[in-house]
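Before any comments, here is the structure.
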Amino acid sequence: MLRLAKQRKIKLLIYSFILFILLFISFLFSLMIGSFPLSPMEVFENLINPEKNKTISTIIFNYRLPRALFTMITGFSLGVSGGVIQSLTRNPLADPYITGMSSGAALGAAIAFLLPNISIYFIPFFAFIGGISSILLTIFLAKKAKAGPIGFILAGIAIGTLASAILIFVITLAQEKAHGIIYWIYGSFSTSKWSDIIVTFPIVLFCSIFLFINARDLNILLLGEEHASQLGINAKKLWILMLLISSLCVSSCVAFSGIIGFIGLIAPHMIRLMISSDNRFVLPLGGLTGAFLLLVSDNIVKSYINPFGEMPISTITSMIGVPFFIYLLMKKGGKYEM
Amino acid sequence: MKYISTLIIIALILGVLNTAMIFAINNNISNIDLSLSSLSNKLNNLVDEISSTKRELETFKSFYYPIIIKDALGRTVTINSEPMRIVSCTPSITEMLFALNLSDRIVGVDKYSDYPKLVLELKEKGLIAEVGGVTTLNCEKIASLNPDIVFIDASLQKKFVSTLEGFGLTVIALESPSIEEIMNNIYKISKITLKLEEGEKLINQIKNTINEITSKTSKVSKQKVLYLVWLAPLWTTGNGTYANELISIAGGVNIFNDKNGWFITNPEEIISRNPDVIIFSSMALPKPPEELLNYIKSIPGFSEINAVKNNRIYILTENAANAIERPGPRVTDATILLAYIFHPQLFNITVPNFISNYENIIRR
């Protein structure tokens with residue numbers, strides 16, 4: 001028993017270390033890659049001495065740096081929330097959007113985009129409200145149905161589908177302006193600003209800390225509400241609280257970036273397959289994995305320039321995530337536990 | 001005795017006088033008759049002459065028509081007689097038709113055709129019907145107007161050709177991707193509709209304006225221009241488009257003239273090319289112009305661009321945007337407006353940051 005724990009600890013340390021290195025390397029790459037390729041030397045020079053070349057330092061400090069940081073923040077929030085939602089619903093196929101939040105946020109953004117007296121700067125706000133409203137509606141429905149986690153998933157599907165239907169209707173009405181909305185929904189980090197980071201970083205930080213603190217209780221929740229209550233946890237309250245906090249985390253990020261799929265689904269599973277299902281490891285490491293995966297995807301998006309604009313990042317996240325995931329599944333599928 | 005003879009003499013004199021008077025009046029009446037009848041004859045003769053001249057004209061036209069032309073889709077189209085009922089399915093062609101004085105022959109236009117003002121007036125009076133949007137044409141409506149010719153846009157409305165031909169209509173597809181093509185199409189239309197005088201005048205007008213602007217702006221250095229038609233994503237143009245040509249003629253150089261066609265770019269590309277002037281042009285603005293101006297200024301990294309530092313960002317909408325986006329007779333207006341924007345000192349005119357109607361700006 002002791003040896004197993006020690007083995008696990010060593011594994012944990014090794015994987016964490018590798019993850020940090022990978023994250024750092026992809027961060028450096030993100031500063032180098034773009035339609036204006038920079039060598040590592042140029043990047044360092046301009047970081048140290050910004051006045052040397054105004055164009056390059058502008059690109060690095062005002063465009064690539066906020067983009068890389070915001071991508072990592074979003075990826076982190078997706079990874080953490082994904083892990084939480086999967087544990088809360090005891091469903092390995094769950095992702096943060098299962099509450100119908102993605103369609104709700106997209107609908108909010110579409111409405112803000114089209115209403116003439118609403119400023120462009122309010123689009124993230126409306127997207128956020130849309131997302132949160134869908135979650136609250138889902139929770140409300142699920143509570144009324146009293147059907148537990150399954151009921152919650154079904155309510156999420158219902159609300160999500162409803163929001164999607166209204167969204168498609170709104171897009172059809174928009175005619176010429178429709179492609180602006182669709183572009184937002186695809187998800188992109190090319191408009192990341194420092195102001196986005198100022199808003200989302202504190203939210204993601206505090207939400208993540210809260211979720212990490214309660215990670216152990218989340219493990220216990222996995223056993224079922226009865227067991228959890230017996231072990232002294234207010235299951236219902238914790239359940240809703242963790243759901244809301246993790247959704248808040250994701251909502252705030254996708255309100256700025258658009259809907260980024262797949263990261264919230266696979267990042268936690270990768271940790272579960274590689275290390276263990278203990279949420280105390282899955283949540284933080286899942287977050288870092290999410291940040292890494294999303295950063296790599298964005299780097300790929302940046303390096304492939306074509307006349308139709310950047311590739312939608314969700315395409316890339318799926319394409320790199322799936323093979324990785326299949327590999328892990330084949331290798332470690334037998335030893336997997338939720 | 002003496003009394004009676006006096007009476008007889010007076011009666012005789014009166015009788016002579018009466019007869020003379022009656023004779024004289026009769027004479028006068030037939031004189032008036034004569035001049036009235038000669039006037040009426042002259043008028044009749046004139047009407048006959050006009051009819052015969054008209055017949056001569058019709059005879060001439062029957063030798064002039066049918067004419068065979070090739071349209072922009074390579075289709076060979078035969079025009080059998082002078083077109084009196086014309087439908088235009090795209091705003092640029094509508095503008096050409098009106099500039100050639102064909103307003104009385106237009107029976108239908110698309111819903112976006114709104115220039116010149118006469119188009120809107122005629123639409124309101126019900127003299128011109130609306131036949132749908134540019135990509136959503138109502139072919140049945142067009143057919144119901146019984147037009148002699150239907151003009152369509154070759155690239156956007158190609159898909160309607162077979163339906164319209166199915167109704168037995170004569171369809172002519174035109175496309176003006178360059179200023180040269182605009183002139184060619186004006187000539188083509190004037191040839192089809194026998195408005196050669198107007199066509200010649202219009203083409204000369206365009207030619208003279210372009211030459212004047214080009215020669216004036218060739219003396220100063222070209223301004224680097226970024227031309228955007230959408231902000232999220234950043235849609236811009238490279239070489240080979242009408243907008244690019246306008247920019248060059250007006251004394252500017254498109255920062256993306258190394259690329260081709262319309263494409264989406266990103267802030268990095270723009271920052272590295274550092275434009276002096278940014279133009280955002282859209283018929284319908286998604287948000288109020290002040291907000292769009294601030295949005296452009298706040299795009300990450302844009303604060304260091306020349307155009308942003310010198311506040312040379314111009315938001316064009318409605319008529320100003322249409323003049324640039326519709327390749328047609330307003331190429332003159334578009335060229336002048338852009339030249340004023342690029343070179344305010346040269347023309348001694350300061351153009352405001354937001355332009356929708358430019359009539360008062362272009363008062364040379």
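This is a predicted model, so every value here is computed, not measured. All chains are named by letter (A, B, ...) in the order of the sequence lines, taking the proteins before the strands, and each is independently numbered beginning at 1.
Taking a cutoff of 4.0 Å between a charged side-chain nitrogen and a carboxylate oxygen, B:Glu95 and B:Arg330 qualify as a salt bridge. By the 4.0 Å N-to-carboxylate-O rule, B:Glu175 lies too far from B:Lys158 to be salt-bridged with it.
Contacts of A:Leu115 with chain B are made by backbone atoms alone, with heavy-atom separations under 4.5 Å and no side-chain atom involved. Of the two parts of A:Arg67, neither the backbone nor the side chain holds a non-hydrogen atom closer than 4.5 Å to a non-hydrogen atom of chain B. For B:Asn294, the parts lying near chain A are the backbone and the side chain together; criterion is any non-hydrogen pair under 4.5 Å. For B:Thr265, no part lies under 4.5 angstrom from a heavy atom of chain A. At a 4.5 Å heavy-atom cutoff, the contact between A:Phe113 and chain B is made by backbone and side-chain atoms alike. Residue A:Ser192 touches chain B through its backbone alone, counting heavy-atom pairs closer than 4.5 Å. When heavy atoms are compared at a cutoff of 4.5 Å, B:Ile271 approaches chain A by way of both its backbone and its side chain.
The shortest distance between side-chain heavy atoms of B:Tyr227 and B:Ile324 falls below 4.5 Å.
Around the CZ atom of A:Phe61, the shell of radius 6.0 Å holds more than 12 heavy atoms that belong to other residues, nucleotides or ligands.
Taking the six-membered ring for Trp and thresholds of 30 and 60 degrees, B:Phe263 and B:Phe256 have ring planes more than 60 degrees apart, a perpendicular arrangement.
Applying the side chain to side chain contact (heavy atoms under 4.5 Å, CB included) criterion to A:Thr74, with sequence neighbours excluded, gives A:Phe70, A:Leu78, A:Phe189, A:Cys253, A:Ser257, A:Leu294. Among residues two or more places apart in sequence or in another chain, the salt bridge (charged side-chain N to carboxylate O under 4.0 Å, His left out) test is passed with B:Glu130 by B:Lys123.
For B:Gln157 (side chain) and B:Val134 (main-chain N/O), a donor-acceptor pair under 3.5 Å exists by modelled atom type.
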Report all side-chain donor-acceptor pairs from residues 301-309 of chain B shorter than 3.5 Å, counting only partners two or more places apart or in another chain.
{"from": "B:Asn306", "atom 1": "ND2", "to": "B:Asp276", "atom 2": "OD1", "distance (Å)": "3.1"}

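Heavy-atom proximity under 4.5 angstrom to chain A picks out B:Pro233, B:Trp235 from residues 233-247 of chain B.
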